[in-house]
Number of protein chains: 2
Amino acid sequence: MEKSIQDAANDAQVIAPFQSHGHDHGQCVVEAIAAAESRCEKDGSSFTPLRRQVLELVWSSHGPVGAYELLEKLRGSRRNAAPPTVYRALDFLMEHGLIHRIESLNAYVGCGDPARLHGGQFLICRDCQSVAELDDSAIDRAVTRRADALGFDVQQQTVEIIGQCADCSARGNDD
Amino acid sequence: MEKSIQDAANDAQVIAPFQSHGHDHGQCVVEAIAAAESRCEKDGSSFTPLRRQVLELVWSSHGPVGAYELLEKLRGSRRNAAPPTVYRALDFLMEHGLIHRIESLNAYVGCGDPARLHGGQFLICRDCQSVAELDDSAIDRAVTRRADALGFDVQQQTVEIIGQCADCSARGNDD
DNA sequence: ATTCAGTACGTTATAATATATCATATGTTA
DNA sequence: TAACATATGATATATTATAACGTACTGAAT
Ligand SMILES: [Zn+2]
Ligand SMILES: [Zn+2]
Ligand SMILES: [Zn+2]
Ligand SMILES: [Zn+2]
């Protein structure tokens with residue numbers, strides 16, 4: 001059964017779906033790095049080896065990753081890496097829209113669409129920690145409409161929805 | 001000019017507006033404590049002096065307050081208060097819907113409508129740190145609709161919108 | 001009233017997350 | 001070359017949050 005136009009329009013608002021366990025994740029990383037290179041070139045910003053490496057580490061797990069977890073991994077190849085090393089890289093990556101910070105987890109996740117500027121909208125599974133990134137215009141409109149009514153100028157949206165993903169509810173994870 | 005029915009319905013979704021500087025804030029606190037008492041009585045939970053005091057401190061500033069800021073104030077009357085003292089009280093207050101945590105600020109704010117259970121939707125002014133609490137059904141519906149389409153079961157919404165409030169943009173705070 | 005279980009709080013220590021500051025290196029511009 | 005901006009190294013510290021264990025109170029069952 002083919003997808004309707006409406007379905008296609010809806011899919012376009014799901015930037016990164018929940019990840020199946022079988023997919024070729026190496027490919028995800030490669031594509032993310034390529035997108036980042038292109039984005040930084042456009043911005044005229046320098047995508048240094050350190051920044052690239054941190055971005056690879058963020059992507060290397062599919063879920064949100066903490067800064068100190070990244071630091072540990074980074075130390076595999078850079079023995080002298082310290083907290084500022086990773087925080088500075090994370091700051092750069094966020095400023096250039098290459099990653100998002102998940103406030104409710106103090107963790108970071110690769111952006112599935114760095115070409116397009118957007119705030120973060122996430123569905124986060126409590127059981128398997130997987131994350132789906134959205135850029136849902138209906139959510140955005142609802143927020144903007146209310147803010148406008150109050151004379152509030154929106155600069156950044158943080159929408160983080162905690163719950164249970166379809167896979168986990170199918171498996172009956174009721175933890 | 002009178003408010004239309006539509007306006008009234010919209011206002012009902014603004015749980016706590018941005019606060020004017022001139023209002024009687026003592027009254028806000030009194031009402032919040034009364035609502036908390038009634039809520040805890042219904043829950044059969046014990047609204048102890050410590051918990052009451054922490055709730056008063058949360059309300060005593062209109063904006064979001066950090067845990068350690070609360071701790072300092074608490075020490076005015078309880079010299080031996082320690083981090084667990086305040087965190088335990090905050091946990092209790094959150095579990096009973098009396099306060100919300102603002103994830104993007106690591107801070108806590110009194111709930112303007114503890115009688116009704118709801119996730120947090122906030123507009124947060126970057127300049128004056130004031131917060132408006134919403135319970136906007138259009139935002140809620142947009143989120144739920146998208147989550148449903150992905151088979152995701154929503155347990156908790158975190159919606160935190162950073163920007164500039166009407167007062168600050170009128171004053172031309174462009175910081 | 002005594003025992004018991006549950007709950008609230010005290011107390012000390014430590015974990016987890018993030019930033020400040022100054023030094024060094026490197027690349028770019030004039 | 002000199003001057004400057006950017007990126008990273010290195011050390012220290014700030015901020016936010018929890019673990020673990022002990023004590024005191026509460027209210028119910030015996
Ligand atoms: Zn994104
Ligand atoms: Zn899941
Ligand atoms: Zn509330
Ligand atoms: Zn403001």
**OP:** Using only heavy-atom distances, determine whether the side chains of B/Q121 and B/D135 contain a donor-acceptor pair under 3.5 Å.
**Re:** no

**OP:** May I have all residue pairs that pass salt bridge (charged side-chain N to carboxylate O under 4.0 Å, His left out) and include part of residues 64-93 of chain A, sequence neighbours excluded?
**Re:** none

Original post:
Applying the side-chain contact (heavy atoms from CB on, under 4.5 Å) test to B/F18, which of B/C168, B/C128, B/S130 qualifies?
Top reply: B/S130

**OP:** Would you jot down, in residue-number order, the residues of residues 32-41 of chain B having a non-hydrogen atom under 4.0 Å from DNA chain C?
**Re:** none

Subject >> Given DNA chain C, 5'-ward residue of the pair A/L105 and B/S45, judged by closest heavy atom >> reply: B/S45

Original post:
So, A/Q164 versus B/D153: side-chain donor-acceptor pair below 3.5 Å or not?
Top reply: no

**OP:** Give a yes or no on whether a salt bridge exists between B/R101 and B/E103, defined as a side-chain N under 4.0 angstrom from a carboxylate O.
**Re:** yes

Original post:
For B/L74 and C/dA8, what is the distance between atoms CG and P respectively, to the nearest whole Å?
Top reply: 17 Å

**OP:** Give a yes or no on whether B/E41 atom CD has more than 12 heavy-atom contacts from other residues, nucleotides or ligands under 6.0 Å away.
**Re:** no

Original post:
Do any side-chain nitrogens or oxygens of B/S46 fall under 4.0 Å of OP1 or OP2 in D/dT26?
Top reply: no

**OP:** Name the nucleic acid region contacted by B/R101, choosing base, sugar-phosphate or nothing; use a 4.0 angstrom heavy-atom cut-off, strictly under.
**Re:** sugar-phosphate

**OP:** Cation-pi check, A/R52 to A/F47: give yes when NZ or CZ is under 6.0 Å from the six-membered ring centre and within 45° of the ring axis, no otherwise.
**Re:** no

Original post:
With respect to the phosphate group of C/dA18, does any side-chain polar atom (N or O) of A/Y108 fall under 4.0 Å of OP1 or OP2?
Top reply: yes

**OP:** Please find out if less than 6.0 Å separates the ring center of B/Y108 from that of B/H100.
**Re:** no

Subject >> Euclidean distance, atom CG of residue B/N106 to atom P of C/dT17 [Å, nearest integer] >> reply: 11 Å

Original post:
How does protein reach along nucleotides 9-16 of chain C, written 5' to 3' as B (base within reach of a heavy atom under 4.0 Å), S (only sugar-phosphate), or - (no contact)?
Top reply: BBBB----

